[in-house]
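Take a look at the structure below.
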Amino acid sequence: MSLKATILILGLVWSFQATLGIRFVIDREECFSHKAEYEGDTLHVSFVVIKSDSQWHFNEDGVDLVIHGPTGEQIHDFREQISAKHDFVVQKKGVYRFCFTNKSPYHETIDFDVQLGHFAYYDQHAKDEHFTPLMEQISKLEEALYNIQFEQHWLEAQTDRQAIVNESMSKRAVHKALFESFALIGASVLQIYLLRRLFERKLGMSRV
């Protein structure tokens, strides 16, 4: 393999895609920033509301997410979403802001993931035309691998949320069953007590 091809491949390997993955607890509002170095890159965004601070509460209203560009312009917004994914092409390089708003009275745990996809091709290091298709395929493969990783992270967050919801619902079902059992026992005891009082009263009246 020529020196040009080696330099080109190393350049592709080193030009990694910046990824931000974080799980945090939100009270009212929380914002994060991510810098895009190049125009034409693709930003992948996803979030999942994992759980609520209250054991007996499920925030089906979700949270709001507003994405702002480098000059403050609004790129996209999600309203009352439990989970969402969105991709968009970077039109202006700079810092992008992602602001979450929680309208629920409870604290919410959110899994948030941002991935910046960048196609790196250093033409100044490789002039041989027969290397171009190979490098394009390598770059596409790299992009596909990062997309799979991004998708797995989102599905993992969805699975975590569903597990927590199922566990909470199981606890609620057990507590409800116990409450109904105690209520039934209480009603039976009260019924026996009233029947005894009724028989005692009738027995006293018959003796008179």
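Computed from heavy atoms alone, side chains included, the values below leave out hydrogens, waters and symmetry copies. Since the structure is predicted, the reported quantities are computational estimates derived from the model, not experimental observations.
Under the 4.5 Å side-chain criterion, counting only non-hydrogen atoms from C-beta, V48 is not in contact with F112. Annotation: side chain of F88 is not in contact with side chain of T42 (no heavy-atom distance under 4.5 Å). Residues H34 and F32 are not in side-chain contact: their nearest non-hydrogen atoms beyond the backbone lie 4.5 Å or more apart. V95 places a side-chain heavy atom less than 4.5 Å from the side chain of S33. Residues L65 and V45 are in side-chain contact: their nearest non-hydrogen atoms beyond the backbone lie under 4.5 Å apart. I110 has its side chain within reach of F100: a pair of non-hydrogen atoms, C-beta onward, lies under 4.5 Å apart.
Considering CD1 of I50 and CZ of R23, their distance stands at 4.5 Å, rounded to 0.5 Å. Interatomic distance, E30 CD to E108 CD, rounded to the nearest 0.5 Å: 13.5 Å. For the atom pair NE2 of H107 and OG1 of T109, the computed distance is 9.5 Å after rounding to the nearest 0.5 Å. With rounding to the nearest 0.5 angstrom, the NZ atom of K92 is 3.5 Å from the OG1 atom of T71. Separating the OG atom in S83 from the CG atom in D111 is a distance of 11.0 Å, to the nearest 0.5 Å. Between atom CD of residue Q115 and atom NE2 of residue H44 there is a gap of 5.0 Å, rounded to the nearest 0.5 Å.
Few gaps surround CD on Q74; more than 12 heavy atoms of other groups in view lie less than 6.0 Å from it.
Closest approach of E29 and C99 over heavy atoms only: OE2-CB, 4.3 Å. Residues V90 and L116 approach most closely at CG2-CD1, 4.3 Å, considering heavy atoms. Taking every heavy atom of both residues into account, P70 and G94 meet most closely at CG-CA, 3.9 Å. Heavy-atom minimum distance, G69 versus I75: N-CG1, 3.7 Å. Taking all atoms of both residues into account, the shortest heavy-atom contact from R97 to C31 is NH2-CB, 3.2 Å.
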(message) Could you walk me through whether D77 and R79 satisfy the side chain to side chain contact (heavy atoms under 4.5 Å, CB included) test, starting with their C-alpha distance in whole Å, then the side-chain angles of each, then the deciding distance to 0.1 Å, before giving a yes or no?
(response) CA-CA 7 Å; D77 67 328; R79 299 296 176 181; 3.1 Å; yes

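A donor-acceptor pair is defined here as one N or O able to donate and one able to accept, closer than 3.5 Å; such a pair exists between the side chain of D64 and the backbone of E80. Listed for the N102 side chain is a donor-acceptor partner under 3.5 Å among the backbone atoms of D27. With Q191 contributing its side chain and V189 its backbone, the two residues share no donor-acceptor pair below 3.5 Å.
Grouping the Ile, Leu, Val, Met, Phe, Trp and Tyr side chains by contacts below 4.5 angstrom, directly or via other members, places F24 apart from V66.
Residues F47 and F98 place their aromatic rings such that the two centres sit no closer than 6.0 Å.
Using cut-offs of 30° and 60° for the angle between ring planes, the F78 and H76 rings count as perpendicular.
Between D87 and K85 there is no salt bridge, since none of the side-chain N atoms of the basic residue sits less than 4.0 Å from a carboxylate O of the acidic one.
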